[in-house]
Amino acid sequence: MGKLTFSAIPIDNPIIMSAVVCAILIAIWIGHEITKRKRWSWLWNEWLTSLDHKKIGIMYVVLAIVMLVRGFFDAILMRLQQAMAEGSSHGFLPPGHFDQIFSAHGTIMILFAAMPFLVGLMNIAIPLQIGARDVAFPFLNSVSLWLTASAAMLVMVSLGVGDFSKAGWSGYAPLSELGFSPDVGVDYWTWALQIAGIGSLLSGINFLVTILRMRAPGMTLMRMPIFVWATFFTNMLMLAAFPVLTAALAMLSLDRYLGMHFFTADHGGNPMLYVNLFWIWGHPEVYIVILPAFGIFSEVVATFSSKRIFGYESLVYATGAITVLSFAVWLHHFFTMGAGADVNAAFGIATMLIAIPTGVKIFNWLFTMYRGRVRFASPMYWTLGFLTTFAIGGMTGVLLSLPPADFVLHNSLFLVAHFHNMLIPGALFGYFAGFSYWFPKATGFMLDEKWGKRAFWCWICGFYLAFMPLYVLGFLGMPRRMEHYANPAWQPWLILAAFGTLLIFFGILFQGIQIATSLGPKRRAADPDPWDGRTLEWATSSPPPSYNFAVLPEVKDRDAFLEMKRAGIHSPTRYEDIEIPKGSAKGAFIGASSFACGFGLVWHIWWLAAMAALLILLIVISRSMEEETMTILPSGEVKRIEEAGHVL
Amino acid sequence: MSSETRTREFGFWIYLMTDLILFTSLFATYAVMAREGSISAIVDLRQVFLETMLLLSSSATCAVAMVFMERRKKETMLFWLAATFLLGSGFVFIEIGEFARMIREGYGPQRNGLFSAFFTLVGTHGLHVSMGLLWMLVTMMQTWMTGLSSSLQSRMSRLAMFWHFLDIVWICVFTEVYLLGSLS
Ligand code: HEM
Ligand SMILES: [Cu+2]
């Protein structure tokens with residue numbers, strides 16, 4: 001069994017063990033409920049093996065929410081520890097455990113909460129918005145989902161079997177090299193990132209091709225909804241950035257497994273090379289998580305202001321400019337490397353330049369609301385919360401882009417405050433806006449507004465309370481990633497931040513209540529077009545039929561559905577047969593095998609890794625031999641579905 | 001060409017571009033490492049020349065196979081694909097032999113950063129070629145059994161794209177690693 005023994009399970013650690021027991025109990029409870037309701041085959045046939053992009057999207061979002069909760073519990077632990085561990089008090093977390101927690105928190109939040117959330121929303125909305133019946137490669141879509149899920153599973157398993165990485169979410173070498181991190185933690189981290197990265201890359205290819213080749217007749221590029229544009233540029237970023245991460249992690253693994261010397265501190269290795277490669281992926285990655293949110297805000301602002309988006313073209317060009325610039329700024333993560341004043345100045349200026357297209361967008365949103373008839377539904381709450389809060393984070397970012405200022409604030413809590421100030425309003429609030437905006441479309445039920453607004457107020461107040469003190473702490477000189485400190489002046493601010501986190505906890509709790517009441521016995525069915533929408537997803541029923549559109553829409557305007565509503569909607573006179581993909585379990589099997597392969601590699605169980613890799617190969621080959629991957633939905637059936645549930 | 005085939009080719013083309021970025025990262029890494037030393041003492045340019053010839057001619061035979069696929073000459077196409085397969089395997093065998101020799105002489109990937117980068121860059125290309133060979137074998141067997149269906153034809157044209165792509169990458173490897181390496 002390679003390096004795996006029973007001592008890998010930390011039975012002597014009560015915190016970890018109670019988390020593990022909780023997770024197992026929840027899993028047993030869910031399994032029990034499914035068995036009681038005899039829903040296993042339904043779950044398997046209708047969901048896990050489905051190739052329907054809307055269902056895949058929902059599964060992505062569920063994964064993201066689960067991982068968001070996990071990442072948030074890590075945050076609570078850190079906040080409690082730092083609120084306590086001053087001077088003679090050492091809190092409740094030993095250093096090795098604290099290090100794993102911040103590494104897991106960062107990794108999970110970015111790769112397993114933010115990424116699945118945005119890919120899930122893309123899955124739900126993109127084909128509908130461009131008037132397509134599906135994505136370009138439905139099977140590949142399922143493979144992406146299961147690769148992401150199996151990578152998330154690998155991170156979760158590291159909780160109970162062995163350790164997670166202690167080298168931070170960025171895994172800087174040489175700390176992440178074998179000499180300094182001899183346990184399996186870094187290997188869990190690399191293989192999880194590697195598998196999830198391949199999943200993201202495949203999603204990127206899929207959606208780029210979908211957008212470029214599957215649009216409804218009449219939808220020229222300049223008639224695409226802004227969210228489609230945002231996704232388009234996000235996919236470009238994914239395709240250009242993720243291979244660099246794959247290469248960097250592969251080299252780190254070669255160092256660790258085969259004793260090579262890419263990033264070691266001796267034998268001609270070059271640790272700064274790792275740092276460069278990591279951020280060549282890492283900076284575009286922050287735009288990968290933020291651009292889709294910008295796209296969602298654009299949709300929400302236009303819909304709820306009942307106005308056409310202001311400056312459509314400038315928004316598109318601004319997004320394109322951000323895409324290009326985001327590859328020219330990576331060095332601002334390590335101005336202290338010592339590249340010289342000229343290099344630092346160039347990267348500092350490039351960083352400042354990004355503020356310009358971002359500022360353009362802010363004005364686009366403001367002017368869209370200006371003189372509009374703004375309706376304050378919960379998606380709009382998240383948008384307004386974002387606009388006000390994000391501006392602060394943007395300004396501290398420009399401040400950090402000055403190399404001399406960065407030398408002082410680098411590695412301090414000021415930086416931690418800055419990037420949470422970008423990521424929580426900029427990414428998370430955007431996904432929440434998209435979640436509440438498209439929830440009726442995806443599920444067919446309205447999302448409870450009362451609990452949604454309560455959750456919003458907890459989140460926004462909690463955010464300010466939890467992160468503004470960190471700016472102060474940065475100025476007071478507190479470094480990041482501290483498990484213990486000896487400066488009484490810091491403690492009050494950290495206690496304040498812990499209270500902020502408590503408020504966020506209530507925000508998340510209220511979101512849980514919101515989802516439960518919206519899907520529970522008192523649920524309210526949603527209209528096809530509950531928000532008076534402007535784009536094509538609102539032209540379908542809620543939830544849409546598996547084929548989305550019985551008749552492909554003819555696009556005549558940027559706000560395609562609004563134009564259709566004005567012109568008057570007629571139900572089609574005749575229906576045609578529609579080809580839809582058959583479900584396939586092979587995506588799930590590829591995911592499961594990747595998990596086994598990753599686990600085998602982590603623990604040096606070579607036979608397991610080799611067999612799993614072989615299995616993946618055989619599944620791919622057998623899929624390539626399948627002849628009948630599509631099935632025909634006859635026109636009579638389409639007619640029946642359309643007339644049963646559908647206004648159009 | 002059907003619209004679906006075109007969509008698949010386009011998707012595959014994008015995948016190739018991402019693969020190119022992967023190789024670019026490895027090339028850049030090699031360039032950084034090569035500032036610290038040279039591999040000229042250990043490289044046998046004659047073997048490398050032979051490898052290059054094998055791979056380039058396999059690209060040619062692959063193109064011929066595609067011509068016969070368009071003309072729906074199944075047997076002739078299979079013959080040229082088999083030739084491609086043999087040439088490609090020859091390339092991989094020589095490469096493995098070279099690697100083994102270098103390791104025997106004490107210039108393995110564990111020696112230092114430069115040799116790590118050398119083995120990884122050249123080896124990643126070799127791994128791609130090997131995967132291409134496997135793909136070729138499976139496709140040949142499927143064609144043999146089921147005939148030239150349209151889905152097999154479209155797969156074959158993507159395989160050909162992959163094969164030519166690896167040729168181009170090899171030319172870059174040859175130039176950056178071997179030519180510049182033996183000059184320095
Ligand atoms: C929901 C509320 C959140 C809280 C209370 C929170 C709290 C924290 C804390 C306490 C740290 C450690 C700071 C230190 O180094 O001393 C941290 C680090 C980090 N957080 Fe969060 N966080 C939250 C959400 C997020 C989100 C949504 C993301 C990303 C999408 C994120 C990404 C990160 C990253 C990348 C790190 C750095 C990890 C490292 O040092 O390696 N966090 N967070
Ligand atoms: Cu950056």
Side-chain angles (χ1 to χ4, degrees), chain A residues 135-137 140 197-198 201-202 204-210 212-214 235-236 238-251 253-255 258-274 276-277 280-281 579 617-618 620-622 624-627 629-630, chain B residues 3-4 6-37 103 108-121 123-124 127 131 134-135 137-139 141-142 145-146 149-152 154-155 158-159:
Chain A
V135 294
F137 310 117
L140 203 63
I198 295 171
L201 190 77
L202 296 179
I205 295 178
N206 210 341
F207 279 91
L208 193 70
V209 177
T210 304
L212 287 178
R213 289 199 45 91
M214 314 272 288
N235 292 327
M236 301 267 235
M238 285 185 187
L239 297 174
F242 268 94
V244 184
L245 178 70
T246 306
L249 292 176
M251 289 188 253
S253 294
L254 287 170
D255 280 0
L258 297 182
M260 296 198 191
H261 293 285
F262 283 105
F263 311 129
T264 52
D266 51 4
H267 287 88
N270 189 339
M272 281 323 286
L273 183 63
Y274 174 84
N276 273 280
L277 289 172
I280 289 175
W281 164 76
E579 235 189 3
L617 211 62
L618 291 179
V620 171
I621 292 178
S622 84
S624 80
M625 299 206 182
E626 262 175 51
E627 287 293 333
T629 57
M630 305 293 275
Chain B
S3 154
E4 192 185 322
R6 267 215 301 275
T7 303
R8 281 169 187 273
E9 283 197 359
F10 182 50
F12 192 73
W13 173 251
I14 295 177
Y15 154 72
L16 288 183
M17 293 302 102
T18 67
D19 221 10
L20 194 61
I21 293 173
L22 184 97
F23 276 111
T24 309
S25 314
L26 296 178
F27 276 118
T29 302
Y30 184 81
V32 170
M33 296 299 185
R35 293 186 308 192
E36 310 290 324
I103 293 171
Q110 286 108 340
R111 185 182 170 88
N112 60 30
L114 174 62
F115 280 88
S116 303
F118 169 84
F119 276 91
T120 304
L121 172 57
T124 304
L127 201 64
M131 292 310 287
L134 185 68
W135 185 7
L137 206 60
V138 173
T139 314
M141 265 164 23
Q142 276 170 263
M145 287 179 327
T146 65
S149 66
S150 66
S151 72
L152 268 175
S154 112
R155 183 149 359 117
R158 273 172 277 139
L159 174 59

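Worth knowing before you read on, the calculation uses all heavy atoms, side chains too, and leaves out hydrogens, waters and symmetry mates. Letters A, B, ... are given to chains in the order of the sequence lines, protein chains preceding strands, and every chain is numbered from 1.
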Identify the two heavy atoms, one from A/Leu273 and one from B/Met33, that lie closest to each other, and give their separation to 0.1 Å.
CD2-CE, 4.1 Å
Sequence-distant partners of B/Phe23, ring pair (Phe, Tyr, Trp, His ring centres under 6.0 Å), two or more places apart:
B/His128
What part of A/Leu201 gets within 4.5 angstrom of chain B, counting heavy atoms only: side chain, backbone, both, or neither?
side chain
Please look at B/Gln142 and chain A and tell me whether the side chain, the backbone, both or neither of the residue comes under 4.5 angstrom of a heavy atom of that chain.
side chain
For B/Arg111, is it the side chain, the backbone, both, or neither that has a heavy atom closer than 4.5 Å to a heavy atom of chain A?
backbone
Region of B/Leu134 in contact with chain A, defined by heavy-atom distances below 4.5 Å:
side chain
Treating B/Ser116 as the side-chain partner and A/His261 as the backbone partner, does any N or O pair qualify as donor plus acceptor under 3.5 Å?
yes
Distance-only, no hydrogens or angles: does the A/Arg213 side chain make a donor-acceptor pair with backbone N or O of B/Phe10 under 3.5 Å?
no
Roughly how far, to the nearest 0.5 Å, is CE of A/Met214 from OG1 of B/Thr7?
7.0 Å
Is it true that, when you exclude A/Met625 itself, more than 12 heavy atoms of the residues, nucleotides or ligands shown sit nearer than 6.0 Å to its CE?
yes
Taking ring pair (Phe, Tyr, Trp, His ring centres under 6.0 Å) as the test, write out the residues that go with A/Phe207, two or more places apart.
none
Using non-hydrogen atoms and a 4.5 Å limit, figure out which bit of B/Met131 sits close to chain A: side chain, backbone, both or neither.
side chain
Output for pair (A/Leu208 CG, B/Met17 CE), nearest 0.5 Å, gives 12.5 Å
Working to the nearest 0.5 angstrom, can you tell me the gap between A/Asn206 CG and B/Ile14 CD1?
10.0 Å
Counting heavy-atom pairs closer than 4.5 Å to chain A, which one of B/Leu114, B/Val138, B/Val32, B/Thr29 comes out on top?
B/Thr29
Side chain, backbone, both or neither: which part of A/Leu239 has a heavy atom under 4.5 Å from chain B?
both
May I ask you to name which of B/Leu22, B/Leu26, B/Thr124 has the most heavy-atom pairs under 4.5 Å with chain A?
B/Leu22
Testing the basics here: between B/Ser25 and A/Leu277, what is the closest heavy-atom pair and its distance to 0.1 Å?
CB-CD2, 4.5 Å
